[in-house]
Amino acid sequence: MIHIRPLTCADELGAVDALYRDVFGIADRDTGLNLRLLSALAANSAHVLGAYDGRRLIGFGVSFLARDPSTGRLYQYSQTVAVARDMQTRGVGRLVKYAQRDAALADGIDLLRWVFDPMYARNAHFNLDVLGGRARRVHRNLYGAAAPGRDAGERTDRLLIDWELRAARTAPRTEVPELVPQPGHTCELGDQLAIGIPADWQAYRVEVGPVAAAELRASVVDALAKALDRGLVVTSCRRVNDTVAVYLLTSEGV
């Protein structure tokens with residue numbers, strides 16, 4: 001049975017660093033997570049949570065306390081959630097996210113934030129449709145040229161997710177539009193806007209090559225940024241078929 005608990009000792013935190021590097025293909029020279037940083041976070045209002053199958057660490061989540069500079073609202077920022085390669089698609093990531101939720105609420109914090117690459121439809125679906133998060137902001141090339149592992153050489157564009165922790169745990173089901181835009185294109189659907197992306201970004205990159213993939217990424221990010229500037233909110237990402245997924249955006253409050 002999988003169980004999740006806080007991690008504090010050096011051996012456990014060192015195992016988190018090792019799993020992080022394996023999942024994301026991180027080179028030893030990348031110090032994005034390391035034992036000293038994890039130890040400092042765990043001792044200072046952060047949550048370093050490990051998911052175990054028996055005695056084996058199969059996933060983890062790292063979040064820390066932050067403050068919104070415009071509103072002063074406190075929230076937990078989830079820097080990383082990772083699951084061992086052979087345990088992915090088994091619900092471990094969802095358990096870790098819910099554990100982050102419970103840990104934040106226990107501290108009196110009711111907002112969790114994190115960023116993700118908007119080109120990955122499966123991650124988008126999990127964040128938006130499964131957890132019920134919402135995206136209102138896009139960061140262009142947030143980490144510069146520091147994309148790790150499989151994404152090396154790509155722009156690090158990211159969508160910022162707001163997960164209101166006292167809201168329902170799952171989002172209302174959103175119907176896939178009949179008129180589906182192709183990747184990089186948009187379609188107005190009454191009070192909704194649909195933006196097409198590849199259903200499998202990694203496969204698409206291999207198929208079309210880095211130049212065409214970069215052009216598509218730019219068009220998707222531009223479309224998202226323009227829609228968010230209009231006051232729309234990203235509420236869903238649904239896979240339509242083997243090649244296309246769609247983001248759905250609505251007006252705030254709809």
Side-chain angles (χ1 to χ4, degrees), residues 4 6 16 20 23-24 32-33 37-38 40-42 44-51 59-83 92-144 146-148 151 155-172 221 224-225 227-229 231-237 247-250 252-253:
I4 299 174
V16 167
Y20 165 75
V23 171
F24 293 106
L33 279 182
L37 175 60
L38 289 167
L41 289 171
N44 292 279
S45 300
H47 298 293
V48 183
L49 305 174
F60 70 88
V62 178
S63 67
F64 55 84
L65 189 63
R67 183 178 67 86
D68 189 302
S70 61
T71 66
R73 184 179 181 184
L74 295 177
Y75 59 93
Q76 278 279 323
Y77 183 82
S78 178
Q79 175 64 34
T80 305
V81 169
V83 177
V92 179
R94 185 185 306 193
L95 292 176
V96 174
K97 275 299 181 189
Y98 286 160
Q100 287 186 318
R101 174 187 186 273
D102 293 343
L105 288 172
D107 287 347
I109 303 298
D110 57 10
L111 174 64
L112 192 69
R113 282 180 171 169
W114 64 93
V115 295
F116 75 98
D117 188 335
M119 303 308 295
Y120 284 90
R122 187 175 75 176
N123 291 353
H125 177 75
F126 175 73
N127 293 332
L128 299 165
D129 298 275
V130 176
L131 296 179
R134 296 291 181 264
R136 299 176 177 85
R137 190 182 313 168
V138 63
H139 295 285
R140 297 177 187 268
N141 211 25
L142 179 62
Y143 305 123
D151 297 323
R155 288 176 53 89
T156 52
D157 305 302
R158 298 291 186 264
L159 270 179
L160 176 69
I161 288 287
D162 283 351
W163 190 21
E164 295 288 349
L165 302 181
R166 299 192 188 280
R169 288 199 175 194
T170 57
V221 171
L224 286 167
L228 296 176
D229 286 345
L232 298 181
V233 179
V234 188
T235 59
S236 177
C237 183
Y247 277 112
L248 294 176
L249 299 89
T250 63
E252 191 79 69

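The first residue in the sequence is number 1, and the count goes up from there. Remember, predicted model here, so these are calculated numbers, not experimental data.
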So, do [X] and [Y] sit near enough that their side-chain heavy atoms are less than 4.5 Å apart?
| X | Y | value |
| --- | --- | --- |
| I161 | L128 | yes |
| Y98 | L131 | yes |
| P118 | Y247 | yes |
| V96 | F60 | no |
| L142 | L160 | no |
| Y75 | L165 | no |
| L65 | N44 | no |
| Y20 | L38 | no |

Rounded to the nearest 0.5 Å, what separates atom [atom1] in [X] from atom [atom2] in [Y]?
| X | Y | atom1 | atom2 | result |
| --- | --- | --- | --- | --- |
| W163 | N127 | CH2 | CG | 9.5 Å |
| T156 | H139 | OG1 | NE2 | 11.0 Å |
| I4 | Q100 | CD1 | CD | 9.0 Å |
| R158 | D117 | CZ | CG | 4.5 Å |
| Q76 | H47 | CD | NE2 | 4.0 Å |
| L41 | Q79 | CG | CD | 9.0 Å |

Considering non-hydrogen atoms only, spot the tightest contact between [X] and [Y] and give its length.
| X | Y | answer |
| --- | --- | --- |
| A66 | Y77 | CB-CB, 4.4 Å |
| S78 | S63 | CA-CB, 3.7 Å |
| T235 | D129 | O-OD1, 4.4 Å |
| L228 | V233 | CD2-CA, 4.4 Å |
| V48 | A42 | CG2-CB, 4.0 Å |
| G61 | V81 | CA-CG2, 4.0 Å |

Does R113 CZ have over 12 foreign heavy atoms under 6.0 Å away?
->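 It does: R113 CZ has more than 12 such atoms within range.
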Lys/Arg N to Asp/Glu carboxylate O, [X] vs [Y], below 4.0 Å:
| X | Y | value |
| --- | --- | --- |
| D157 | R140 | no |
| D110 | R166 | yes |
| R136 | E164 | no |

Using the side chain to side chain contact (heavy atoms under 4.5 Å, CB included) rule, take V23 and V83 through it: C-alpha gap first, then chi angles, then the decisive distance, then the call.
-> CA-CA 7 Å; V23 171; V83 177; over 6 Å; no
